[in-house]
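None of these values were measured; they are calculated from a predicted model. To find a chain, count down the sequence lines: A is the first, B the second, and so on, and within it residues start at 1.
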4 protein chains.
Amino acid sequence: MANRGINKVILVGNLGQDPEVRYMPNGNAVANFSVATSESWKDKQTGETRDRTEWHRVVVFGKLAEIAGEYIKKGTQVYLEGQLQTRKWQDQSGQDRYTTEVVINPIGGTLQILGSRGNSNDSYDDGSQNWGQSANNISSAPAASSRQPNKNAPAPQPKAPEPPMDFDDDIPF
Amino acid sequence: MANRGINKVILVGNLGQDPEVRYMPNGNAVANFSVATSESWKDKQTGETRDRTEWHRVVVFGKLAEIAGEYIKKGTQVYLEGQLQTRKWQDQSGQDRYTTEVVINPIGGTLQILGSRGNSNDSYDDGSQNWGQSANNISSAPAASSRQPNKNAPAPQPKAPEPPMDFDDDIPF
Amino acid sequence: MANRGINKVILVGNLGQDPEVRYMPNGNAVANFSVATSESWKDKQTGETRDRTEWHRVVVFGKLAEIAGEYIKKGTQVYLEGQLQTRKWQDQSGQDRYTTEVVINPIGGTLQILGSRGNSNDSYDDGSQNWGQSANNISSAPAASSRQPNKNAPAPQPKAPEPPMDFDDDIPF
Amino acid sequence: MANRGINKVILVGNLGQDPEVRYMPNGNAVANFSVATSESWKDKQTGETRDRTEWHRVVVFGKLAEIAGEYIKKGTQVYLEGQLQTRKWQDQSGQDRYTTEVVINPIGGTLQILGSRGNSNDSYDDGSQNWGQSANNISSAPAASSRQPNKNAPAPQPKAPEPPMDFDDDIPF
DNA sequence: TTTT
DNA sequence: TTTT
């Protein structure tokens, strides 16, 4: 319950291969896959463009793992939020080895398929729990005064009370 | 369960005043407070150091709200993770007004007290707890009725351009 | 330079309309648009699925604004990272009004177009600077052996030499 | 400039030891330290409280590294934002080993000291500074050569299964 | 309204 | 190895 510290990883990248889903004795699913994130930049010395791909080992638990097994595959672009965990194991020779993974738990973790139309474009959150929290409840927003149907709201962009952008002063950015 | 989109706010800042905690008819707590984040930079033109403080309206629901009421106060440095919500309300003249808040729900939200020694330095997460209650049905009597006594709730209820928390209907935000 | 506090917003959502790009007297670009994030959940009381869309006003400065004007449009799914800023303005009647926006600055801000193939799928970061850090792509992992079909692989938790995401091929995808 | 993917780590935790700061041939600083994040939860089966500490290897480059060397030490609580990088190295027997680190670059990275009063409570960001230098060309002599004296650099260079920071080639991270 |  |  009480935590001391924040351990959060946010990735947007593409799967390097189809998720591999296994089931634990208690029936819970575990999915493993790798996600690539790439960045490119111009080398200021040489002036040439360089780029680099980083591969992340991802482990998904619970309902999200089942969803991963069903809906995402090699190449799928995903948004995911998890935490870093380094686990120790032993290689053939009995030597300690360490592997760092991005772990997505049902609580606090997120996995969302990106891309438009073609993809299912749904995110799956804390799926397994008692998602008991009515998200109504909460404060701000919608419900009532939605003069527009809930989905596909074509950009409200209010007319009247539009805040002007003052371009003529010294405000920072 | 299935979401399309990510709506995430992460703040580290100090409370501008003690949290104001209220209880909804179903017993769920709601805490309100403001958090300041500051940044300073050197003005490239003038060379002088400038700085700016941003104030964020924060609303916390559920168990985290109770914890907020108990453990954090004016000046406390916190880490928090929530989501943006803009709610519509009407001012005295009946005009539509909008207020954007950072909402911290038991699921997916995080509130952590920072700083060592002096502070309790614990974070409170949705953890594994059953926080299944619906948080609908918010009661009437805005600033007033705290059915459960709570420290540090000076019920300031700001004056003029301040959006009221309407507890008297079920379409609150 | 030195900041006290973190003020960070991360959104994944779709543009409600084409960005509106303007230029400041000094030639810097500013782009405005709205981004929708949606979430749906099952109401635990009624059992029905509900959903809600939140609209975020986004303001992009500098080179990212130009890129926004060029490459994204109504409906584009984006990842963005910025900070919250509430600015004060006055309506026709001279009353103070406040509007909260997600501001994406060239430094620290990020704007990335999501979606595969069809989209340009590039992110634009701190474009202006020299990213001087050498970055050779180390690939950890993946590829090869999916010994099991994607779903329902009924094999539990690997035993001993457990890191084994099969490092046996270095050509990710 | 153009990136495809997001690779972001956010940690709040305490340093396990004083940062070890070294300088590259071009004068740029590199700081290494570990950060602990802890979480505790109630085991649903047994009902007992359990907790777990995760250790993260952090590498800081540039001005932030110098600041780290000066202002943070064993026990300091920090907020940091960086990216995951896994680098390959070879152990004594010539076997490939992989180590994953959280890398904080001047651009896009953040390091902030938390806690009030006792601590300096400032964050150091890429801010507006010119931090254009290339971080390539790292020199040889791993732990050793600190051309600029630096407090708190006990040059521990861990024993056995510890990944060396190879400063003698250009494929460091 | 906070903090440094 | 930190912190509470």
Side-chain angles (χ1 to χ4, degrees), chain A residues 1-7 86, chain B residues 11-20 32-41 49-58 71-80 112-124 152 154-159 161-162, chain C residues 1-7 86 98, chain D residues 11-20 32-41 49-58 71-80 112-125 152 154 156-159 162:
Chain A
M1 263 86 142
N3 297 322
R4 300 180 300 278
I6 297 296
N7 175 358
T86 298
Chain B
L11 300 179
V12 172
N14 299 279
L15 272 76
Q17 74 288 117
D18 292 347
E20 182 180 346
N32 287 271
F33 53 88
S34 293
V35 165
T37 55
S38 307
E39 60 184 322
S40 63
W41 69 94
T49 295
R50 304 190 49 185
D51 77 294
R52 159 196 192 111
T53 294
E54 190 70 33
W55 285 97
H56 311 270
R57 302 178 61 97
V58 177
Y71 295 108
I72 70 179
K73 60 181 205 298
K74 178 176 175 176
T76 302
Q77 189 186 34
V78 293
Y79 169 98
L80 62 86
Q112 176 158 349
I113 302 172
L114 300 174
S116 16
R117 335 271 151 147
N119 286 319
S120 74
N121 192 213
D122 286 312
S123 99
Y124 302 90
N152 309 332
Q157 193 62 355
K159 294 92 244 251
E162 275 281 356
Chain C
M1 262 85 143
N3 297 322
R4 301 180 299 278
I6 297 296
N7 174 358
T86 298
Y98 299 85
Chain D
L11 301 178
V12 172
N14 300 278
L15 272 77
Q17 73 287 116
D18 292 347
E20 182 181 346
N32 287 270
F33 53 88
S34 292
V35 165
T37 56
S38 307
E39 58 184 323
S40 65
W41 67 95
T49 296
R50 302 189 51 187
D51 77 295
R52 158 197 194 110
T53 294
E54 190 71 32
W55 286 96
H56 311 271
R57 302 178 62 95
V58 177
Y71 295 108
I72 70 179
K73 59 182 205 296
K74 178 175 176 176
T76 303
Q77 189 186 34
V78 293
Y79 170 99
L80 62 86
Q112 175 158 351
I113 302 172
L114 300 174
S116 15
R117 333 273 153 151
N119 286 319
S120 74
N121 192 213
D122 287 312
S123 99
Y124 302 90
D125 234 314
N152 309 332
Q157 190 61 355
K159 295 90 246 248
E162 275 282 354

Query - Side chain of C:R4 - closest among E:dT3, F:dT1, E:dT2 - result: E:dT3

Report task. Go through the structure and list residues passing side chain to side chain donor-acceptor pair (under 3.5 Å) with A:T86, not counting sequence neighbours. Result -> A:T100

Query raised in the report: Atom NZ of D:K74 to atom P of F:dT3: distance rounded to whole Å?
Result: 7 Å

Query raised in the report: With distance as the sole test, does B:D18 use its side chain to make a donor-acceptor pair with the main-chain N or O of B:K73 at under 3.5 Å?
Result: no

Query - Value in whole Å for how far the C1' atom of E:dT2 lies from NZ of B:K73 - result: 12 Å

Query raised in the report: Do the non-hydrogen side-chain atoms of B:L114 and D:Y79 ever get within less than 4.5 Å of each other?
Result: no

Query raised in the report: B:W55 stacking on E:dT1: centroids under 5.5 Å, ring planes under 30°?
Result: yes

**Report entry** Whole angstrom value for the distance that separates P of F:dT3 from CG of D:L80
**Finding:** 16 Å

Report task. In whole angstrom, give the distance that lies between atom CD1 of D:I113 and atom P of F:dT2. Result -> 19 Å

Query raised in the report: When you measure from the side chain of D:T53, which nucleotide among F:dT2, F:dT1, E:dT2 comes out closest?
Result: F:dT2

Requested in this report: Take atom CG of B:D18 and atom P of E:dT3, then tell me their distance rounded to the nearest Å.
Outcome: 11 Å

**Report entry** B:K74 vs B:F33 side-chain heavy atoms within contact, under 4.5 Å
**Finding:** no

Requested in this report: Select one nucleotide: of E:dT1, F:dT2, E:dT2, the one nearest the side-chain heavy atoms of B:S38.
Outcome: E:dT2

Query - D:Q77 CD - F:dT4 C1' separation (whole Å) - result: 10 Å

**Report entry** Minimum-distance nucleotide (side-chain atoms of D:Q17 versus E:dT1, F:dT2, F:dT1)
**Finding:** F:dT1

Query raised in the report: Nearest to the side chain of B:N14 - F:dT1, E:dT3, F:dT2?
Result: E:dT3

**Report entry** Nearest-Å distance for atom pair CZ/P, residues B:R52 and E:dT2
**Finding:** 18 Å

Requested in this report: Return the value, rounded to whole Å, for the distance between atom CG of B:L15 and atom C1' of E:dT3.
Outcome: 11 Å

Query raised in the report: Do A:I6 and B:Q112 have side chains that get closer than 4.5 Å, going by heavy atoms?
Result: yes

